[in-house]
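Every heavy atom of this structure was used, including side-chain atoms; hydrogens, water molecules and symmetry mates were not. Remember, it's 1-based here, ligands and their atoms both numbered in the order they're listed.
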Amino acid sequence: MVAAVPTSYSIPQKALHWLMAALIFFNLIFTEGMETYSRALGRGETPTPDQIGSANIHAYVGIAVLCLGILRLILRLVQGAPAAPVGEPPLGKLAAKIAHGSFYLLFVALPLSGIGFYYFGNETAGDVHGGPLKLLMWLLIVVHLAAVLVHQFYWKTGLAQRMTKG
Ligand code: HEM
Ligand code: HEM
């Protein structure tokens, strides 16, 4: 028997979406602590306990994103996702699939590259972490927000409800 396609995301999926969005914004915006720590190490200085503390906050928030991201992927595979809104053109469906898939890849790749640099001193991982992966995350977020706003206010598909009260 084929399971029915849900009309909205489940409550755990919604909770994970908003919790992870908050953690990701935190790590994207408040980078000063980690960067000060990293600059101190780069100059050959021993970081102060305060600098290590702030760097660890960034690391633990990022590791939480990794763990929650894996949990979220499992939920997504088990519970599925609502069908595309009625009238969505095939190109829109494809764009949403690519954007959502790329988010899931970043939930793993961003933390792993950070771990590679922070715990194992791999410089390439550090460059990829603070360079292309960070930029891709920002780009996807901007496109994601634009898509949600266009759906909500221009096409009036009520898309936002699927991740809120729907
Ligand atoms: C979703 C998770 C994460 C996000 C969104 C994130 C985001 C960022 C951002 C925006 C920067 C500043 C880069 C720059 O502008 O130059 C940064 C730097 C850094 N992050 Fe993360 N990060 C995450 C997870 C992690 C994890 C799990 C670790 C390590 C355990 C980590 C370690 C670092 C390190 C060591 C730097 C300094 C890199 C440098 O100075 O070159 N990050 N991160
Ligand atoms: C760091 C910020 C964010 C990330 C990483 C993110 C990530 C995602 C991902 C991966 C999905 C697809 C879920 C799935 O199919 O399993 C999704 C769906 C969704 N997100 Fe976000 N999101 C973020 C912020 C936001 C914000 C601020 C809003 C509200 C304006 C929002 C509204 C939605 C809505 C309405 C959906 C459902 C779309 C659909 O059913 O096709 N998201 N988000």
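- Residue-level proximity to ligand 2 for T164 is absent, since no heavy atom of it falls below 4.0 angstrom.
- Residue Y154 places its OH atom among 12 or fewer non-hydrogen atoms of other residues, nucleotides or ligands, all under 6.0 Å distant.
- Around ligand 1, the residues contributing at least one heavy atom under 4.0 Å from the ligand are N27, L28, T31, M34, E35, S38, H58, A59, G62, I63, V65, L110, P111, G114, I115, F117, Y118, Y119, H129, G130, K134.
- At least one heavy atom of A160 sits less than 4.0 Å from an atom of ligand 2.
- In terms of modelled atom types and a separation under 3.5 Å, the side chain of E88 and the main chain of P85 share no donor-acceptor contact.
- The part of I141 lying near ligand 2 is the side chain, judged by heavy-atom distances below 4.0 Å.
- Not less than 6.0 angstrom separates the ring centroid of H58 from the ring centroid of Y37.
- Of all the N, O or S atoms in H144, the one closest to atom 21 (Fe) of ligand 2 is NE2.
- Listed by number with element, the atoms of ligand 2 under 4.0 Å from a non-hydrogen atom of R72 are 7 (C), 8 (C), 9 (C), 10 (C), 11 (C), 13 (C).
- Residue contacts with ligand 2: Q13 is excluded, as none of its non-hydrogen atoms falls under 4.0 Å.
- Judged purely by atom type and a 3.5 angstrom limit, K134 has no side-chain atom pairing as donor or acceptor with the backbone of H129.
- Shown are L106, L110, I141; of these, the side chain to side chain contact (heavy atoms under 4.5 Å, CB included) with L136 is made only by L106.
- Heavy atoms of other residues, nucleotides or ligands lying less than 6.0 angstrom from CD1 of I11 number 12 at most.
- Between the side chain of K156 and the backbone N or O of F153 there is at least one donor-acceptor pair closer than 3.5 Å.
- A donor-acceptor pair is defined here as one N or O able to donate and one able to accept, closer than 3.5 Å; no such pair exists between the side chain of T31 and the backbone of N27.
- Residues V143 and I98 do not share a hydrophobic cluster, clusters being chains of Ile/Leu/Val/Met/Phe/Trp/Tyr side chains in contact below 4.5 Å.
- Considering backbone and side-chain atoms alike, W18 places every N or O at 3.5 Å or more from each N or O of ligand 2.
- Without hydrogens or angle criteria, Q13 side chain to S10 main chain gives a donor-acceptor distance under 3.5 Å.
- Listed by number with element, the atoms of ligand 2 under 4.0 angstrom from any heavy atom of R162 are 39 (C), 40 (O), 41 (O).
- If you number the atoms of ligand 2 from 1 as listed, the ones under 4.0 Å from a heavy atom of L159 come out as 35 (C), 38 (C), 39 (C), 40 (O), 41 (O).
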